[in-house]
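Heads up, the thing below is written out as structure tokens.
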Amino acid sequence: MKFADDFVFGTATASYQVEGAHDEGGRTPSIWDTQCRTPGKIKNGDTGDVACDQYHRWPEDLEIIKGLGLGAYRFSISWSRVLPQGLGEPNPEGIAYYRELCRSLKQAGISPVVTLYHWDLPQVLEDRGGWTVRETAYAFADYARLMARELGDLVDVWSTLNEPWCSSYLGYASGVHAPGRTEPLAALQAVHHLNLAHGLAARALREELGDEVPVCLTLNLHVTHPLTDSAEDIAAARKIDVVGNEAFLMPVMEGVLSPELVEITREVTDWGFVQEGDLELCHQVPDILGVNYYSTSTVKARQEGEASTSGGHGETGVSPWVACDDVVFLPPEGPLTAMGWNQEPDALRRLLVQVSRRYPGQELMVTENGAAFSDEVSSDGQVHDPDRVAYLRQHLTAVAQAVEEGAQVTGYFLWSLLDNFEWSWGYQKRFGMVRVDYETLERTPKDSAKWYADLARSRDLDTVGEDWVAGA
Ligand code: PNW
């Protein structure tokens, strides 16, 4: 099985997870700086203050990406680094940093794929209501326009939002993510204002850059199985599909607020905060729909007297699944990754094919896929991570099969380039194909990096990396 010559093999990171330099170069705090300073929110009290120090060490990281022969680097811009007040006066030092990074990537033949929002909202904007207020969506569009003007000549793909599901439901319903609020109504307001933010920003990018430069939106589409084929269990799975996926897909792809979503959430809100004309504004079909995929869930209808579950997404005890108390998430079945997530590669194939059938002609990219495992440095100084190699092989096979079945998937971005700050888990979970020693910040490519480089070179899943298979 071979990938086409123009299929993009890339890798991804996000500003707060790798940059560090939290108080340098004019950057102001984001909601994640605040979250990390709130006791009990992050394992081990970890913060992104230093992270992988990519702010200073990016030339080394660029060399690594180049050495692996990858075609694209997906990274995100720290909003509060370029606009310290969230809006208004830009910070030239912050802009210069990203210009230099993009320019150097291009010079090295690596496409910059830029995400404008990977969860690090300027704290000043959260203080004014964050994603619960529509002003934040307008501020985001202004920020997008500024970036288009400043970096437009250097960026190959513009992605508006990364996983608005996480920003809204983990940020405002379960509180596992910043800003750590646990208010169902706020979460649904955030859903709408994030959709609006995508729409307004996509329009601004298109106005500034024309239709040639692709605009992307990245969603973590949830694959949810009903435990049995009973009508109740099927309805439970559909509920998760609506609250998790339709909440974003329908406004952005179709210009519609899902009637099922309105029905499910009617005890929380009448959606009166959706103003006349908003859905038209949300309706900016991305040139590329980015799909982030890691694992799947199985659910069933809750029986009377049965406890509800949090849906496996954190430990505040409050579920991110607004208005889904009657849905029970089953414990995932092994082999699990270090996150406790199950592995179901074929679900990625089905998901890509399904999305393609629903939106014929839609270009897709897998903007994130990967896994955390408990990698150790072995006595030879190398990091042998056969579990990750197997995970990648299986999931890339699923992508190739989806392409064979007609899905228009044009790229794959391995999450992540580096071990990095894994949000509420801190540095405990390692997703990198390159190991980071958090004492010395030294980078060591794992076996998986060598395997991935091999694939990017040969494009052939049948012959890739036999040397890197465990024990071979
Ligand atoms: C994604 N969930 O996060 C993010 O885009 C990355 O920043 C992150 O490091 C990576 O996946 C690994 O976790 C997710 O609870 C976090 O369903 C949580 C969920 C999904 C994705």
Side-chain angles (χ1 to χ4, degrees), residues 10-19 30 32 35 42-43 46 48 51-52 54 74-78 113 115-120 159-178 187 194 216-224 240-241 243-245 247-248 290-297 299 309-316 318-321 324 329 332 336-344 347-348 351 365-373 388 391 395 413-433 436:
T11 186
T13 62
S15 47
Y16 192 73
Q17 295 181 275
V18 299
E19 276 183 10
S30 78
W32 272 95
Q35 182 87 345
I42 315 288
K43 286 256 157 67
D46 290 345
C52 306
Q54 188 170 82
R74 173 177 180 260
F75 63 95
S76 78
I77 293 179
S78 155
V113 174
T115 302
L116 288 168
Y117 188 68
H118 202 123
W119 311 352
D120 42 359
S159 180
T160 54
L161 307 174
N162 178 70
E163 303 190 351
W165 181 86
C166 293
S167 305
S168 51
Y169 294 113
L170 297 180
Y172 293 84
S174 73
V176 167
H177 281 188
L194 282 155
C216 170
L217 168 68
T218 283
L219 300 177
N220 54 323
L221 295 175
H222 298 262
V223 178
T224 310
I240 296 305
D241 192 23
V243 173
N245 302 330
F248 305 99
V291 176
N292 289 0
Y293 174 86
Y294 291 92
S295 68
T296 64
S297 307
V299 300
T309 56
S310 78
H313 294 296
E315 294 165 14
T316 54
V318 185
S319 172
W321 294 104
C324 294
F329 283 79
L336 306 180
T337 70
M339 297 295 284
W341 296 348
N342 69 343
Q343 303 182 50
E344 193 182 342
L348 175 57
L351 174 64
M365 281 192 176
V366 176
T367 34
E368 279 178 34
N369 174 245
F373 288 106
R388 183 172 292 100
Y391 181 100
H395 286 78
F413 292 78
L414 192 157
W415 185 272
S416 179
L417 171 64
L418 303 171
D419 291 339
N420 60 46
F421 177 77
E422 179 53 27
W423 309 112
S424 62
W425 295 95
Y427 295 100
Q428 274 185 17
K429 305 293 180 196
R430 294 177 175 273
F431 273 91
M433 61 172 149
V436 175

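Order of appearance sets the numbers: ligands from 1, and atoms from 1 within every ligand.
- In this structure, N162 contributes its side chain and T218 its backbone to no donor-acceptor pair below 3.5 Å.
- Here's the thing with N162: one of its N/O atoms is less than 3.5 angstrom from an N/O atom of ligand 1.
- Counting heavy atoms from C-beta on, the side chains of T11 and F413 never come closer than 4.5 Å.
- Annotation: H177 places no N or O atom under 3.5 Å from an N or O atom of ligand 1; distance criterion only.
- Heavy atoms of N420 found under 4.0 angstrom from ligand 1: none, in either backbone or side chain.
- Of the candidates P164, S76, C166, S15, W119 forms a side-chain contact (heavy atoms from CB on, under 4.5 Å) with just one, namely C166.
- By the 3.5 Å distance cut-off applied to N or O atoms, W415 is counted among the residues near ligand 1.
- For H118, every heavy-atom contact with ligand 1 shorter than 4.0 Å involves the side chain, none the backbone.
- Between Y294 and G370, the shortest heavy-atom distance links the atoms CD2-O, 3.2 Å.
- Residue W341 has no N or O atom closer than 3.5 Å to an N or O atom of ligand 1.
- Any N or O atom pair closer than 3.5 Å counts here, and N220 shares no such pair with ligand 1.
- Heavy atoms of W425 stay at 4.0 angstrom or farther from ligand 1.
- By the 4.5 Å heavy-atom criterion applied to side chains, N292 and W415 are not counted as neighbours.
- Comparing T337, V176, L170 against atom 18 (C) of ligand 1, the shortest heavy-atom distance belongs to L170.
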Taking it one step at a time, do V18 and F75 satisfy side-chain contact (heavy atoms from CB on, under 4.5 Å)? CA-CA 9 Å; V18 299; F75 63 95; over 6 Å; no
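- Taking each of W119, Y16, Y293, W423 in turn, the one with a heavy atom nearest to atom 8 (C) of ligand 1 proves to be W423.
- A donor-acceptor pair under 3.5 Å links the side-chain atoms of D46 to the main chain of Y427, judged by distance alone.
- Comment: E368 engages R74 in a salt bridge, judged by a side-chain N to carboxylate O separation of less than 4.0 angstrom.
- If you number the atoms of ligand 1 from 1 as listed, the ones under 4.0 Å from a heavy atom of W165 come out as 2 (N), 15 (O), 17 (O).
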